[in-house]
Chemist: 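Sharing a structure, written as structure tokens. Questions coming.
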Amino acid sequence: MSELLEYWPEPIIRVQSLADSGSTVVPDRYIKPPSQRPSTTIDTHLGDEEIPLIDLSGLESDDNDIRSSTLNQIYEACTEWGFFQVTNHGVNPELLRRTREVWRGFFHLPAELKQEYANTPKTYEGYGSRLGVQKGAILDWSDYYYLHLLPNSVKDHKKWPAQPISCRDETEEYGKQLVNLSRKIMKVLSKNLGLKEENIWESFGGEDIGATLRVNYYPKCPQPDLTLGLSSHSDPGGMTLLLPDEHVAGLQVRRGDNWITIKPVPGTIIINIGDQIEVLSNAIYKSVEHRVIVNSAKERVSLAVFCNPKGNLLIEPAKELVTPDRPAGYEPMTFDEYKLYMRSKGPLGKSQVESLKSPR
């Protein structure tokens, strides 16, 4: 498998360059099959349904009822939606704004400067424009930048953009605050499962936990009804904390047979359950398919911090959550083994976590 991940199977074309070319048509390589294309009728039909919006200040309240209500809201969001937005999360709102805008600035740098950071399939770190190494795959309408935040042993600031000038400092502080928030949320998730507060964090490696940042850039698209910014998938890692573009909606969450477009609320962070927490919770918590639509009028920038298990740790259902009535639903697997699936095949719905299910 590692040999397959050395090089991209075809020459890389930056989607931003396609958008800037002035073409009025989407190249065939980006046109999705009809069953996968976005549908405006679904958005109209379900326009009033929203993922839960949760005020995290309730976790610090002196009122037991408010604390209990907040814990219950998070539990219901993780079991019924797999997604929720949080306010009063403790992350500096000005830091959120600055970090998003400094990365927008990176994508508006000259192409030759960005190209110095071009990535490969083997590491993924750097400036990229495709997922997966399947030759001839239908591609997504997006570029991205992927980098390591933790553990410190794999973090390399030389692989982070030197321009814009404040990018490295802003990203460093942003990463610290988002990882701290993820630990706070993991404590709640553990507690709601009846586990010790640090269970999920420690199961992921404690101070050796992995954290990465993926900055997504979705250029304007001449035919947004034919393609996607990011194909349907569930996140392979543990927990994702997403800073959306406040001005442009794009993220859609699967709800039964429908797709719901998340309306970003200024200052909020969107949190979703990844496959590793679904496995660890023995499917009490759900990782949910999501995708990104694009539009013809505006570009969109979002930042996703992924908090993941240390690569060589086996992840399996917590022993306390395995009972005769609820046997272990998944086979153990390390995260290093698990993420090879996404790196080779690209986003394919929930097929990855489904493949781990134990035979009954």
Side-chain angles (χ1 to χ4, degrees), residues 2 5 89-92 94-96 98-100 102-103 106 114 116-128 144-190 196-216 235-243 269 271-277 279-280 302-315 333-340 342-343:
S2 60
L5 297 179
H89 41 63
V91 182
N92 186 328
E94 185 58 22
L95 176 65
L96 298 181
R98 289 197 313 264
T99 309
R100 183 174 50 228
V102 79
W103 276 102
F106 168 80
K114 292 181 290 191
E116 292 177 11
Y117 298 96
N119 72 345
T120 69
K122 187 173 183 180
T123 65
Y124 258 34
E125 194 162 19
Y127 176 46
Y144 65 88
Y145 203 105
Y146 183 87
L147 52 83
H148 292 289
L149 299 170
L150 290 175
N152 288 320
S153 59
V154 300
K155 180 168 66 177
D156 183 356
H157 283 146
K158 292 178 183 177
K159 295 180 180 178
W160 299 19
Q163 295 185 50
I165 196 69
S166 61
C167 187
R168 289 178 179 173
D169 288 343
E170 299 285 13
T171 302
E172 180 74 24
E173 182 59 26
Y174 180 82
K176 286 179 182 176
Q177 292 201 26
L178 270 288
V179 169
N180 286 341
L181 176 58
S182 78
R183 186 172 188 175
K184 179 178 180 179
I185 298 294
M186 285 184 187
K187 286 182 178 181
V188 173
L189 266 56
S190 296
K196 293 180 180 178
E197 276 195 346
E198 295 288 350
N199 186 285
I200 294 177
W201 178 263
E202 293 298 335
S203 296
F204 279 13
E207 297 306 316
D208 290 326
I209 196 170
T212 58
L213 171 69
R214 179 181 151 115
V215 184
N216 307 295
D235 289 344
M239 176 189 294
T240 304
L241 299 92
L242 179 78
L243 177 64
I269 293 171
I271 295 175
N272 67 278
I273 301 300
D275 293 344
Q276 305 302 307
I277 285 183
V279 169
L280 193 146
S302 67
L303 284 71
V305 169
F306 304 104
C307 293
N308 303 323
K310 183 181 178 184
N312 62 0
L313 292 179
L314 276 178
I315 300 297
M333 183 180 283
T334 69
F335 186 57
D336 279 344
E337 295 169 324
Y338 195 82
K339 64 188 177 185
L340 283 176
M342 175 77 87
R343 291 195 176 182

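Every heavy atom of this structure was used, including side-chain atoms; hydrogens, water molecules and symmetry mates were not.
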Chemist: Find out whether Thr212 and Tyr124 are in side-chain contact, i.e. whether some heavy atom of one side chain is under 4.5 Å from a heavy atom of the other.
Modeler: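 Heavy-atom side-chain distance check fails, nothing below 4.5 Å.
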Chemist: Can you find a heavy atom in the side chain of Phe306 that is under 4.5 Å from one in the side chain of Asp235?
Modeler: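 The answer is yes; the side chains approach within 4.5 Å.
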Chemist: Distance check, rounded to the nearest 0.5 Å: Glu197 atom CD versus Arg183 atom CZ?
Modeler: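 Rounded to the nearest 0.5 Å, the CD-CZ separation comes to 10.5 Å.
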Chemist: Could you tell me whether the side chain of Asn308 and the main chain of Gly238 form a donor-acceptor pair under 3.5 Å?
Modeler: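 Yes, Asn308 side chain to Gly238 backbone: donor-acceptor pair under 3.5 Å.
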Chemist: How about Leu178 and Ile269: do any of their side-chain heavy atoms sit closer than 4.5 Å?
Modeler: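 Leu178 vs Ile269: side chains touch.
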Chemist: Let me confirm one number: the NE2-OG distance from His148 to Ser153, rounded to the nearest 0.5 Å.
Modeler: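 With rounding to 0.5 Å, NE2 (His148) is 9.5 Å from OG (Ser153).
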Chemist: Rounded to the nearest 0.5 Å, what's the gap from OG1 on Thr334 to CG on Leu314? Could you check?
Modeler: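 Answer for the OG1-CG pair, Thr334 versus Leu314, is 6.5 Å.
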Chemist: Measure the shortest side-chain to side-chain distance between Leu147 and Lys159 over non-hydrogen atoms and say whether it is less than 4.5 angstrom.
Modeler: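 The answer is no; the side chains never approach within 4.5 Å.
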Chemist: Have Trp201 and Ser190 got a donor and an acceptor in their side chains that come within less than 3.5 Å?
Modeler: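 No, no side-chain donor-acceptor contact under 3.5 Å.
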Chemist: For Leu303, which of Val215, Leu242, Leu96 qualifies under side chain to side chain contact (heavy atoms under 4.5 Å, CB included)?
Modeler: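 Of the listed options, the one satisfying the test is Val215.
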Chemist: What closest approach, in Å, do Phe106 and Tyr117 show between heavy atoms, and which atom pair accounts for it?
Modeler: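 Smallest interatomic distance, heavy atoms only, reads CE1-CD1, 4.5 Å.
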Chemist: Less than 4.5 Å apart, side chain to side chain, heavy atoms only: is that true for Ile200 and Met239?
Modeler: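 No - every pair of side-chain heavy atoms lies 4.5 Å or more apart.
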Chemist: Could you tell me which residues satisfy side-chain contact (heavy atoms from CB on, under 4.5 Å) with Asp208, sequence neighbours excluded, listed by chain and number?
Modeler: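 Applying side-chain contact (heavy atoms from CB on, under 4.5 Å) to Asp208 gives Lys310.
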Chemist: Kindly compute the distance separating CG (Asp156) from CD (Glu125), expressed to the nearest 0.5 Å.
Modeler: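 If we round to the nearest 0.5 Å, Asp156:CG and Glu125:CD are 6.5 Å apart.
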Chemist: Within this structure, what is the CD1-CG distance for the pair Ile277 and Asn272, rounded to the nearest 0.5 Å?
Modeler: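 Between Ile277 CD1 and Asn272 CG, I get 9.5 Å after rounding to 0.5 Å.
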Chemist: Please examine the side chains of Phe335 and Phe204, heavy atoms only from C-beta on, and report whether any two atoms are closer than 4.5 Å.
Modeler: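 Answer no - side chains too far apart.
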Chemist: Hey, are the side chains of Leu243 and Val91 touching, using non-hydrogen atoms and a 4.5 Å cut-off?
Modeler: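 A side-chain contact is absent here, since even the closest heavy-atom pair is not under 4.5 Å.
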Chemist: Under the side chain to side chain donor-acceptor pair (under 3.5 Å) rule, collect the residues that match up with Asn216, sequence neighbours excluded.
Modeler: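 Arg214, Ser302.
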Chemist: Kindly indicate whether the side chain of Glu198, heavy atoms from C-beta on, has any atom under 4.5 Å from the side chain of Met186.
Modeler: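 Of all side-chain heavy-atom pairs linking Met186 with Glu198, none is under 4.5 Å.
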Chemist: Does the side chain of Tyr338 come under 3.5 Å of the side chain of Asp275 through a donor N or O and an acceptor N or O?
Modeler: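 Yes, side-chain donor-acceptor contact under 3.5 Å.
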Chemist: Under the salt bridge (charged side-chain N to carboxylate O under 4.0 Å, His left out) rule, what pairs show up with a residue in residues 160-172, not counting sequence neighbours?
Modeler: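 Output for this query lists Arg98-Glu170, Lys155-Glu172.
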